[in-house]
Amino acid sequence: MSLDRYLDAKSVSFVRSEALYRDHLGRRVLLDFDGEGVYRVDAETPVELLVDGLPCEVAEGRFEADLIVTARQEGRVRGWVAFGRSEPVSGMSHCVSLPYLGGGWLVEAEGPVEIDGRKRPCPSPSLEWPVPFYAEVRGAGSARVIPFEVPLRRERIDAFGVDDEAALMARGFQVQNISKLSVIDSMFENGEPRCAPVASHLNRAIWTLALPEGVRGLILRKTYDRFHGRQRARVLIDGDPVGWWYEPSEDRTARWGISDFGVPERFVRGKAEVQITVDPPAGVPLWSVSLVEAFGIFD
């Protein structure tokens with residue numbers, strides 16, 4: 001069973017004149033993703049879709065290379081993208097009480113929930129659903145979940161702070177054009193406070209990650225400063241491109257955010273360690289990072 005469809009999904013939501021950015025024609029750019037995956041768009045204002053470079057009038061479908069959604073008028077637009085060779089979610093759903101520990105697909109909930117410790121409340125109902133989870137769903141009341149066909153578990157296999165010189169040295173961490181450390185005293189979207197060092201870099205960061213036996217995929221996670229949105233970086237494993245790690249959200253009040261990136265099994269199968277490269281290209285906001293974590297997915 002391929003885990004590609006489980007490992008990475010993003011959602012965006014905009015109201016009034018909000019946007020990721022304005023293009024050269026002054027249009028609101030609402031989704032801008034590179035890679036391969038599936039998408040859904042829910043809009044109260046006319047939108048224009050470019051799927052793999054071609055105009056498209058379908059609000060739900062698949063893209064092989066890139067996806068751009070724009071609007072000329074103000075109004076609410078929500079979008080959801082799941083990366084990889086996604087397949088339909090199948091199986092019988094079960095009603096469970098929250099908090100729920102385990103792994104599967106969340107398909108319904110009575111109220112807002114937090115998934116896998118991301119510290120970002122997900123509203124109910126949500127365009128994101130069904131959404132995969134590996135460790136927990138927290139909230140009040142009950143929810144409906146579809147357990148994974150093959151039981152999977154998530155285990156943290158590495159973590160280091162950008163200010164931990166010993167940890168950086170132990171992993172052979174190298175980075176070009178990184179800023180000086182600064183301390184951010186702010187909070188996450190759920191209101192939880194955090195005061196910690198953060199740095200930002202342009203050009204690639206490289207480090208080595210040791211892999212436990214039996215790992216079937218990875219989830220890379222960064223805790224970072226969301227003062228600047230549209231942070232984008234290419235991720236490579238042992239020099240092989242995996243995809244684009246993209247975080248469109250921006251918040252200058254609740255500045256702390258958590259972002260995940262999934263690495264499919266084919267990039268880690270049979271390896272004792274891998275070299276990870278995170279490479280933000282020129283012309284994008286600096287790649288912010290405070291804490292880096294890696295989670296292994298296991299049977």
Visitor: I need the F298 CZ to L152 CG distance, nearest 0.5 Å.
Guide: 11.0 Å

Visitor: Does the distance from a Lys or Arg side-chain N to an Asp or Glu carboxylate O, for D238 and K271, drop under 4.0 Å?
Guide: yes

Visitor: Decide yes or no on side-chain contact (heavy atoms from CB on, under 4.5 Å) for V162 and V292, but give the supporting numbers first.
Guide: CA-CA 8 Å; V162 72; V292 176; over 6 Å; no

Visitor: Does E192, at its CD atom, have more than 12 non-hydrogen atoms belonging to other residues, nucleotides or ligands within less than 6.0 Å?
Guide: yes

Visitor: Tell me whether I157 shares a hydrophobic cluster with V235, the cluster being built from Ile, Leu, Val, Met, Phe, Trp, Tyr side chains joined at under 4.5 Å.
Guide: yes

Visitor: Given Y246 and D32, is the side-chain hydrogen bond (donor to acceptor under 3.5 Å, both in side chains) satisfied, shown in steps?
Guide: CA-CA 9 Å; Y246 182 45; D32 179 3; 4.9 Å; no

Visitor: Would V175 end up clustered with L168 when hydrophobic side chains under 4.5 Å apart are linked, directly or stepwise?
Guide: yes

Visitor: Measuring from atom CZ of R22 to atom OG of S17, what distance do you get when rounded to the nearest 0.5 angstrom?
Guide: 6.0 Å

Visitor: Give a yes or no on whether Y21 and V81 share a hydrophobic cluster (residues Ile, Leu, Val, Met, Phe, Trp, Tyr; joining criterion: side-chain heavy atoms under 4.5 Å apart).
Guide: yes

Visitor: What closest approach, in Å, do T253 and S186 show between heavy atoms, and which atom pair accounts for it?
Guide: O-OG, 2.9 Å

Visitor: Is any side-chain heavy atom of K222 closer than 4.5 Å to a side-chain heavy atom of W287?
Guide: yes

Visitor: Is the backbone N or O of A109 less than 3.5 Å from a side-chain atom of S124, with the two atoms forming a donor-acceptor pair by type?
Guide: yes

Visitor: Hey, does the Lys NZ or Arg CZ of R194 hover above the aromatic six-ring of W256, less than 6.0 Å from the centre and inside 45° of the axis?
Guide: yes

Visitor: Passes side-chain contact (heavy atoms from CB on, under 4.5 Å), L106 versus V113? Steps please.
Guide: CA-CA 10 Å; L106 173 66; V113 294; 3.8 Å; yes

Visitor: A side-chain contact here means heavy atoms from C-beta on lying under 4.5 Å apart; do E293 and I219 qualify?
Guide: no

Visitor: Does a side-chain N-to-carboxylate-O contact under 4.0 Å join R28 and D23?
Guide: no

Visitor: With rounding to the nearest 0.5 Å, note down the distance linking CZ in R118 to CZ in F133.
Guide: 11.0 Å

Visitor: Give a yes or no answer on whether the side chain of D116 reaches the backbone of Y134 with a donor-acceptor pair at less than 3.5 Å.
Guide: yes

Visitor: Do W244 and F261 have ring centres separated by under 6.0 Å?
Guide: no

Visitor: For L98 and G139, work out which heavy atoms get closest and say how close.
Guide: CB-O, 3.4 Å

Visitor: Show me the pairs that pass ring pair (Phe, Tyr, Trp, His ring centres under 6.0 Å) and involve residues 109-132, at least two apart or across chains.
Guide: none

Visitor: Is there a side-chain hydrogen bond (donor to acceptor under 3.5 Å, both in side chains) between T208 and Q275 once you walk through the steps?
Guide: CA-CA 4 Å; T208 298; Q275 185 182 74; 5.0 Å; no

Visitor: If you compare all heavy atoms of F267 against all heavy atoms of D240, which two are closest, and at what distance to 0.1 Å?
Guide: CE2-CB, 4.0 Å

Visitor: One thing to verify: whether R230 and E250 come together as a salt bridge, which I'm taking to mean a side-chain N less than 4.0 angstrom from a carboxylate O.
Guide: no

Visitor: Begin from the C-alpha positions of D34 and R232 and carry the test salt bridge (Lys or Arg N to Asp or Glu O under 4.0 Å) through to its verdict.
Guide: CA-CA 10 Å; D34 298 315; R232 182 197 301 260; 2.8 Å; yes

Visitor: Within a strict 4.5 Å, meaning less than it, do heavy atoms of the I237 and I276 side chains meet?
Guide: yes

Visitor: Can you tell me how far the CZ atom of R62 sits from the CG atom of L67, to the nearest 0.5 Å?
Guide: 12.0 Å

Visitor: Does any part of the side chain of F295, heavy atoms only, come nearer than 4.5 Å to the side chain of D260, both counted from C-beta?
Guide: no

Visitor: Between L291 and F160, which heavy-atom pair has the shortest distance, and what is it?
Guide: CD1-O, 3.4 Å

Visitor: Under 4.5 Å between side-chain heavy atoms, counting indirect links through other Ile/Leu/Val/Met/Phe/Trp/Tyr residues: same cluster for L181 and I184 or not?
Guide: no

Visitor: Where the side chain of Q231 meets the backbone of D225, is there a donor-acceptor pair that is under 3.5 Å apart?
Guide: yes

Visitor: Do V289 and T223 make a side-chain contact, defined as non-hydrogen atoms from C-beta onward lying under 4.5 Å apart?
Guide: no

Visitor: Roughly how far, to the nearest 0.5 Å, is the CG atom of N177 from the OG atom of S200?
Guide: 12.0 Å

Visitor: Nearest 0.5 Å please: distance from the OH atom of Y224 over to the CZ atom of R226.
Guide: 6.0 Å

Visitor: To check you understand the geometry: which heavy-atom pair defines the closest contact between V145 and V107, and what is its length?
Guide: N-CG2, 4.2 Å

Visitor: Looking only at heavy atoms, what is the nearest atom pair of A205 and F173, with distance?
Guide: CB-CZ, 3.9 Å

Visitor: Using the rule side chain to side chain contact (heavy atoms under 4.5 Å, CB included), only one of P121, P112, P99 pairs with R138; which is it?
Guide: P99

Visitor: Report yes if some heavy atom in the side chain of R234 is under 4.5 Å from a heavy atom in the side chain of P241; otherwise report no.
Guide: yes

Visitor: Compare all side-chain heavy atoms of F33 with those of I68 and state whether any distance is below 4.5 angstrom.
Guide: no

Visitor: Any side-chain to backbone donor/acceptor pair from H201 onto N203? Under 3.5 Å, distance only.
Guide: yes

Visitor: Can V183 and C195 be said to form a side-chain contact (heavy atoms from CB on, under 4.5 Å), step by step?
Guide: CA-CA 7 Å; V183 175; C195 181; 3.5 Å; yes

Visitor: Under 3.5 Å, sequence neighbours excluded: what are the donor-acceptor pairs made by side chains of residues 42-53?
Guide:
{"residue": "D42", "atom": "OD2", "partner": "R76", "partner atom": "NH2", "Å": "3.4"}
{"residue": "E44", "atom": "OE2", "partner": "R76", "partner atom": "NE", "Å": "3.1"}
{"residue": "E44", "atom": "OE2", "partner": "R76", "partner atom": "NH2", "Å": "3.2"}
{"residue": "T45", "atom": "OG1", "partner": "E74", "partner atom": "O", "Å": "3.2"}
{"residue": "E48", "atom": "OE1", "partner": "R27", "partner atom": "NH1", "Å": "3.1"}
{"residue": "E48", "atom": "OE2", "partner": "R72", "partner atom": "NE", "Å": "2.7"}
{"residue": "D52", "atom": "OD1", "partner": "E64", "partner atom": "N", "Å": "3.0"}
{"residue": "D52", "atom": "OD1", "partner": "A65", "partner atom": "N", "Å": "2.7"}
{"residue": "D52", "atom": "OD1", "partner": "D66", "partner atom": "N", "Å": "3.2"}
{"residue": "D52", "atom": "OD2", "partner": "E64", "partner atom": "N", "Å": "3.0"}

Visitor: Output yes when R216 and E265 qualify as a salt bridge under the 4.0 Å nitrogen-oxygen rule, no when they do not.
Guide: yes

Visitor: Working note: H228 + L286, criterion side-chain contact (heavy atoms from CB on, under 4.5 Å); need CA distance, chi angles, decisive distance, verdict.
Guide: CA-CA 8 Å; H228 294 293; L286 295 180; over 6 Å; no

Visitor: Is there a path of hydrophobic side-chain contacts, each under 4.5 Å between heavy atoms of I/L/V/M/F/W/Y residues, joining L220 to V268?
Guide: yes

Visitor: In the structure I gave you, are the side-chain heavy atoms of Y39 and C56 within less than 4.5 Å of one another anywhere?
Guide: yes

